[in-house]
Number of protein chains: 2
Amino acid sequence: MRPVAKSPTIIDVARLAGVSTATVSRVINGTSAVVPETAERVRLAIQELRFVPRSAAQVLASRKTNTLGLILTEIRGAFFPHLLRGVEAATRAAGYQLLIYTVSDIPADRPTLLGEHNTDGLLVFTSSLSLNELQRLSATGFPLVLMHQTPSDGLEIPMVTIENKDGAERLVSHLIESHGRRRIVFLRGPAGHEDSAWRERGYREALAAHGLPVDERLITLGDFDEVTAGASLQRLLQAGIDFDAVFAGDDDSAIGVFRALKAAGRSIPQDVAVVGFDDVQLASYITPTLTTVRAPIEEVGREAVRQLKRLIDGQPVEPLTLLPTELVIRESCGCPAGH
Amino acid sequence: MRPVAKSPTIIDVARLAGVSTATVSRVINGTSAVVPETAERVRLAIQELRFVPRSAAQVLASRKTNTLGLILTEIRGAFFPHLLRGVEAATRAAGYQLLIYTVSDIPADRPTLLGEHNTDGLLVFTSSLSLNELQRLSATGFPLVLMHQTPSDGLEIPMVTIENKDGAERLVSHLIESHGRRRIVFLRGPAGHEDSAWRERGYREALAAHGLPVDERLITLGDFDEVTAGASLQRLLQAGIDFDAVFAGDDDSAIGVFRALKAAGRSIPQDVAVVGFDDVQLASYITPTLTTVRAPIEEVGREAVRQLKRLIDGQPVEPLTLLPTELVIRESCGCPAGH
DNA sequence: ACGCTTACTGTAAACGCTTACGTCATCATA
DNA sequence: TATGATGACGTAAGCGTTTACAGTAAGCGT
């Protein structure tokens, strides 16, 4: 019984196949022609020795990591799996591997040992990287794509996100036009949340477009969270502020709104119409079913990878990709069921 | 304007700090003592040059990748985010990076270029790797941990999963003992699905323990899928087979069962009690709220990483870790609300 | 028959780190 | 004072690939 056999290297393969390591490398990577018979011998040798190239060595020698990094703050939320799914699929389709980093919620200026030479490019989700860090990386020409984050002035990094504003505007317009609502509450997401900011803009523009005033008392915090949203709504109720509809910011908040409204004996949608954003699974199961906006999250991931690949390959990229959102009309806005 | 400055290497740092590369390496990795002043000089040089070690070079030279691989078939399903969350957190806590692989659903004997020398260890989710592949890797002493997969005979790979059988047994026993149900349908998950097999075992044992016969006609396919489950149940109904409860295999199936039952005018839980497994978010929102079993999925991920680390470090590991499940009693089994 | 391509293949120099060893002070001990 | 020990570095040999570059043989047109 020999001691644990050291695992084979390209040299062993070369020796067994009776060729040089260069040739072995060539058949592995298909980088240049090799006589079929020779190639076959090499392939056999690889199989026999169960040779697996050390990617570290490949990376070091070739100066390309074949790896994409995905950096985000938190693995949570209903849409995360979709995002990852898209990213993963596209990454694989492009022949890359996926390295996942998470960073603490508050993007301090940590030295970010990641990135740079250890991935060929980085996908940055929302504000998981500080502006500083972003600028530094971007300045060195390192391929970077932002997801769900819009231009911080003068930053030339491609970004892909969804049409938050447009979706929100259509949603609110629907409330106004089809259901005659005029005093519409808006529940903000967490402070500094990009998506929320754009949805709010859509909300305001929809009101403006219909000549409705914006009552700032109707805009309060939902935090994209059921509990917070419920509490905020209750406060509104108690304060006796009048409203006939709620745009909850996202679906989770909408659930909280449902709770608070039901607890207060207000009927949905007769007394108050409620709409959300995201179209989580729950949306079509609660009573009444929730009118909301569907966003192509998976496609965001996919598209971001595509842009990143173009960047890596030196092809021209889209500075800003806005993926269209889709209104999902259900019952909670006042529309009849089964539509 | 110079051409793009080549990014600095450890040599540049050494030169700037007036030390050898060995010393730089030492301060970077803290592998041996360095006089504080010297260390500081090195650190300054690193900062000034914005030096970032090439991990490929580190890996190649040190023979350790500091990377854990997670291999799975599909990024989907309600519990996936939890799993990943646990894995990611534990991975980071252990000082490793996370590489994610997905493989096509059918684990053919693909050459699996992953693993081996490109990660320090692999987390394998369910049957994403063929038994062959598993044996091969395991035989070379490569650190491997299985998640949601139980022993295939003679395979000495640590596994961590949840107490499916126990959970199912308690669930079914509850149906029998507290609600006097005797003809209980069981909806199987996809063929070959480990979790499902164990749940079925729990179902059978619960029946046996209460002296109830197993009517094979009551066991049919739910496929862990709403539509399939609904169709299966409808078939049962049409065939006029009598039953007073349904253990749906998982919560998604339970939703399908709800639909089918309501469509058929049967009331839940009066006519038919329904229970699921997983405790997805939806479970507490549907009407009636769903009695189910909660599994510590995140903890599975965490624990798997812990075991993997022990394996890598050559410490003794637990051959099988079964994480306890918890009964979540709600209304759909017949228990009063608000319990 | 002669040069000129063309098609393969081998040689060997990187790639950027880590680390076993060796060296040289320094210092406590005998 | 001689003797190890110990601590702080430097030297240089890898780690396992890729890839210029060069070499060789065969094919081709004239």
Side-chain angles (χ1 to χ4, degrees), chain A residues 5-43 45-46 49-67 95 97 113 115-120, chain B residues 4-43 45-46 49-67 95 97 113-120:
Chain A
K6 270 191 52 80
S7 44
T9 74
I10 201 174
I11 299 182
D12 301 314
V13 175
R15 189 163 21 229
L16 180 57
V19 298
S20 73
T21 62
T23 298
V24 175
S25 173
R26 285 192 265 258
V27 353
I28 290 177
N29 302 300
T31 38
S32 87
V34 170
V35 168
E37 297 173 8
T38 312
E40 194 49 30
R41 270 215 320 284
V42 171
R43 242 171 266 124
I46 289 179
L49 295 175
R50 295 188 176 300
F51 168 71
V52 178
R54 246 94 168 168
S55 52
Q58 295 180 302
V59 169
L60 186 57
S62 68
R63 261 155 298 246
K64 27 181 32 209
T65 67
N66 268 306
T67 300
Q97 302 212 290
L113 288 201
E116 301 269 24
H117 320 294
N118 305 327
T119 53
D120 290 345
Chain B
V4 182
K6 269 191 53 80
S7 45
T9 74
I10 201 174
I11 298 183
D12 301 313
V13 175
R15 187 161 24 226
L16 180 57
V19 298
S20 72
T21 62
T23 298
V24 176
S25 173
R26 285 192 266 259
V27 352
I28 290 177
N29 303 299
T31 38
S32 88
V34 170
V35 167
E37 298 173 6
T38 313
E40 193 50 29
R41 270 214 320 285
V42 171
R43 240 170 268 125
I46 289 179
L49 296 175
R50 295 186 177 298
F51 168 72
V52 178
R54 246 95 165 167
S55 53
Q58 294 180 302
V59 168
L60 187 56
S62 68
R63 265 153 293 245
K64 28 181 33 209
T65 67
N66 268 306
T67 300
Q97 302 211 291
L113 288 202
L114 58 95
E116 301 269 27
H117 320 294
N118 305 327
T119 53
D120 289 345

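Naming: A, B, ... by sequence-line order, numbering from 1 per chain. This is a predicted model, so every value here is computed, not measured.
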Between atom [atom1] in [X] and atom [atom2] in [N], what is the gap in whole Å?
X	N	atom1	atom2	result
Arg54(A)	dT18(D)	CZ	C1'	16 Å
Ile11(A)	dA12(C)	CD1	C1'	12 Å
Leu49(B)	dC17(C)	CG	P	12 Å
Gln58(B)	dC15(D)	CD	C1'	13 Å
Arg63(A)	dT18(D)	CZ	P	12 Å
Leu60(B)	dG16(C)	CG	C1'	9 Å
Ile10(A)	dT19(D)	CD1	P	11 Å
Ile46(B)	dC17(C)	CD1	C1'	13 Å

[X] and [Y]: which non-hydrogen atoms are nearest, and at how many Å?
X	Y	value
Gly18(B)	Arg41(B)	O-NH2, 4.1 Å
Val34(A)	Arg26(A)	CG2-CB, 3.9 Å
Ala17(B)	Ala45(B)	CB-CB, 4.0 Å

- Query: Looking for any heavy atom pair under 4.0 Å, which part of the strands does Ser25(A) touch: base, sugar-phosphate only, or nothing?
  - Reply: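 It contacts base atoms.
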- Would you mind telling me which residue lines up with the more 5' stretch of DNA chain D, Thr21(B) or Ala61(A), judged by nearest nucleotide? Thr21(B)
- The single option from Asn29(A), Thr21(A), Thr23(A) passing side chain to side chain donor-acceptor pair (under 3.5 Å) against Ser25(A):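 It is Asn29(A); the other options fail the test.
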- Reference residue Pro8(B); test side-chain contact (heavy atoms from CB on, under 4.5 Å); the match among Leu16(B), Val52(B), Leu49(B):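 For Pro8(B), the side-chain contact (heavy atoms from CB on, under 4.5 Å) check succeeds only for Leu49(B).
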- Item | Nucleotide of dA12(C), dG16(C), dT17(D) approaching Ala22(A) most closely (side-chain heavy atoms) | dA12(C)
- State which of dT19(D), dT18(C), dT18(D) makes the closest approach to the side chain of Thr31(A).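 Looking only at heavy atoms from C-beta outward on Thr31(A), the closest nucleotide is dT19(D).
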- Message: Could you tell me if the side chain of Val24(A) sits less than 4.5 Å from the side chain of Val19(A), heavy atoms only?
- Response: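 A side-chain contact exists here, since the closest heavy-atom pair is under 4.5 Å.
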- For residues Ile28(A) and Ile46(A), determine if any side-chain heavy atom of one lies less than 4.5 Å from a side-chain heavy atom of the other. yes
N/O to N/O distances under 3.5 Å, protein versus nucleotides 7-9 of chain C:
residue : atom : partner  : partner atom : Å
dT9(C)  : OP1  : Thr38(A) : OG1          : 3.0
dT9(C)  : OP2  : Val35(A) : N            : 2.9

- Message: Return the CD1 to OG distance between Ile11(B) and Ser20(B), rounded to the nearest 0.5 Å.
- Response: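 Separation between the atoms: 11.0 Å.
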- Query: So what does the secondary structure string of DNA chain D come out as, 5' to 3', with Watson-Crick or wobble pairs under 3.5 angstrom, [ ] for crossing and | for pairs with another strand?
  - Reply: ||||||||||||||||||||||||||||||
- Item | Expected output: side-chain Asp120(B) to main-chain Thr65(B) donor-acceptor under 3.5 Å | yes
